[in-house]
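Everything below concerns the one structure shown next.
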Amino acid sequence: MAKHALIYTVSRLDILLTATSLASVIDHYQSAEPLDVLVMGDDIFNSDIELVRSLPERFHKPQVKVYFFNPPITRADFDDYHNERFPLVVTWRLFAPSFFPNYDRQLYLDNDTLVYGDITPMFDLCPDDKLFAAVPDFFYYSQKAVFQKPEFPELKDSQKYISSGVILFNVPLYNQKVQPQKLIDALHHNTARYPDQTLLNRLGEGQMAFLDFTYNFQKDASWLKWVKTNFPETYPDFERASHHVLIRHFVGYLLRSRPWQHLASYDQYERDFWHYEMLVRQYFVDKSQQLGYDTASRLDNAGLKGKSLRDKAFNPLLDADDDDDEDQPAD
């Protein structure tokens, strides 16, 4: 089994974003060391699972293996979870270390990311005495003076409030300190605007490492211009990192700012997004023909009939009821 793993969480139509991000990871992956990509997904077609699993073939990277798993928790566990902006899928990342405990480090990426280098060196960036490593949230970092107020109790220092879009987990220590039931209990009582991110910050207070902005660059040039005008004291930190971006995270800014939310391409990051999105689309078109997909068998391929293609993971919360254990990460 690989020493390190890459984690995604996805539901339904966002699978194309997952594939686009993953394509950028695989394309830049240069290490001969094996890399396991672990996707926790809900309502994903069997045909889509099969296509995404084959993506390393497109880049001739046999050392990269892709696996799909059922979610660690479901709506049945959280009938009182209500957050219109952030569905339950955003909380799954918190359970990744306990769900996949046999790794040393896990790198979680949001689906709306592009990677611009080999992720292998990143696995060394979380010290052994820290639960996880992450990048400060750009919005809160930029406005330190604004958020040092009693109505923001979790922002004791807004420049240390991290974004949950890129997280490097120290799996052994996280599992030692953070029990799954503790997460369940905390989420049941979580009314924060950003449920997973706020909980991570509370868990990690004094126990997390901070990564350079280049590992989760969250905004575009229009936002940098706004910061330069309104918060010039923090602008240089963002400007410096903008020249060496290793992971571009398309966090929304104002109206329809993400590449797939408008037709024009405004910068190189958006052009790169469409490069990988079109690349995986064309690959999936060709691979679908190779696999003999047709409309007559569409329901079978969608997984509404026949055997599930999902793998098994160690789940400390739920009893496994799926006998399908083929193509799992080996112990």
Check whether [X] reaches the backbone of [Y] with its side chain - one donor and one acceptor, N or O, closer than 3.5 Å.
| X | Y | value |
| --- | --- | --- |
| Gln63 | Ser31 | yes |
| Asn175 | Pro97 | yes |
| Lys177 | Pro172 | no |
| Tyr140 | Ser163 | no |
| Arg258 | Phe250 | yes |
| Asn201 | Ile162 | yes |
| Arg93 | Ser164 | yes |

State, with a plain yes or no, whether a side-chain heavy atom of [X] is found less than 4.5 Å away from one of [Y].
| X | Y | answer |
| --- | --- | --- |
| Leu51 | Leu291 | yes |
| Leu35 | Phe123 | yes |
| Leu22 | Leu6 | yes |
| Phe132 | Leu168 | no |
| His249 | Asp110 | yes |
| Leu38 | Phe99 | no |
| Ile7 | Trp92 | no |
| Val115 | Tyr29 | no |

Nearest heavy atoms of [X] and [Y], plus distance in Å:
| X | Y | result |
| --- | --- | --- |
| Asp196 | Val90 | CB-O, 3.4 Å |
| Ala96 | Met40 | CB-CE, 4.0 Å |
| Pro56 | Val52 | CD-O, 4.1 Å |
| Gly41 | Pro71 | O-CD, 3.4 Å |
| Val10 | Ile15 | CG2-N, 3.5 Å |

Side-chain heavy atoms nearer than 4.5 Å, only ILVMFWY residues, links allowed to pass through others: does that put [X] and [Y] together?
| X | Y | result |
| --- | --- | --- |
| Met278 | Ile26 | yes |
| Phe59 | Trp274 | yes |
| Phe231 | Val251 | no |

Go through the steps to decide whether Leu16 and Arg281 satisfy the test side chain to side chain contact (heavy atoms under 4.5 Å, CB included), and finish with yes or no. CA-CA 8 Å; Leu16 182 57; Arg281 276 188 181 271; 3.1 Å; yes
Side chains of [X] and [Y]: donor-acceptor distance under 3.5 Å anywhere?
| X | Y | value |
| --- | --- | --- |
| Tyr283 | Ser54 | yes |
| Thr113 | Ser21 | yes |
| Tyr161 | Thr198 | yes |
| Glu270 | His262 | yes |
| Asp104 | His4 | no |
| Asn111 | Thr18 | yes |
| Asn46 | Glu50 | no |
| Asp272 | Tyr116 | yes |
| Tyr253 | Ser222 | no |

Drop me the distance from [X]'s [atom1] to [Y]'s [atom2], to the nearest 0.5 angstrom.
| X | Y | atom1 | atom2 | result |
| --- | --- | --- | --- | --- |
| Gln207 | Glu205 | CD | CD | 9.0 Å |
| Asp185 | Gln179 | CG | CD | 11.5 Å |
| His275 | Ser265 | NE2 | OG | 13.0 Å |
| Phe138 | Gln159 | CZ | CD | 12.0 Å |
| Leu183 | Phe95 | CG | CZ | 4.5 Å |
| Leu279 | Asp27 | CG | CG | 7.5 Å |

Other residues, nucleotides and ligands only: do more than 12 of their heavy atoms fall within 6.0 Å of [atom1] on [X]?
| X | atom1 | result |
| --- | --- | --- |
| Lys160 | NZ | no |
| Arg12 | CZ | no |
| Lys61 | NZ | yes |

Students often mix this up, so state it plainly: with edges at 30° and 60°, are the rings of [X] and [Y] parallel, tilted or perpendicular?
| X | Y | result |
| --- | --- | --- |
| Tyr103 | Phe100 | perpendicular |
| Trp226 | Trp223 | tilted |
| Tyr276 | His28 | tilted |
| Phe238 | Phe213 | parallel |

Pairing of Arg240 and Asp212 as salt bridge, 4.0 angstrom limit: yes
So which of Asn216, Leu114, Leu109, Val135 actually passes side chain to side chain contact (heavy atoms under 4.5 Å, CB included) with Ile247? Leu109
Given Leu131, which of Leu173, Ile167, Leu200 fulfils the side chain to side chain contact (heavy atoms under 4.5 Å, CB included) condition? Leu173
Under the criterion side chain to side chain contact (heavy atoms under 4.5 Å, CB included), I'd like the reasoning laid out for Ser242 against Phe217: C-alpha separation, chi angles, the key distance, then a yes or no. CA-CA 7 Å; Ser242 70; Phe217 201 85; 3.6 Å; yes
The complete set of side chain to side chain donor-acceptor pair (under 3.5 Å) pairs with one or both residues in residues 122-138, sequence neighbours excluded, reads Arg105-Asp128, Asp137-Gln197
Using the rule given for side chain to side chain contact (heavy atoms under 4.5 Å, CB included), can you reason through Arg53 versus Ile49, listing the C-alpha separation, both sets of side-chain angles and the distance that settles it, and then say yes or no? CA-CA 6 Å; Arg53 274 180 161 179; Ile49 291 175; 4.0 Å; yes
Give the intermediate values and the outcome of side chain to side chain contact (heavy atoms under 4.5 Å, CB included) for residues Leu211 and Met122. CA-CA 10 Å; Leu211 299 176; Met122 280 194 69; 4.3 Å; yes
Would Arg248 and Tyr269 count as a cation-pi pair here, with the cationic atom under 6.0 angstrom from the ring centre and within 45° of the axis? yes
Stepwise side chain to side chain donor-acceptor pair (under 3.5 Å) test for Gln290 and Asp286: CA-CA 6 Å; Gln290 179 185 334; Asp286 297 339; over 6 Å; no
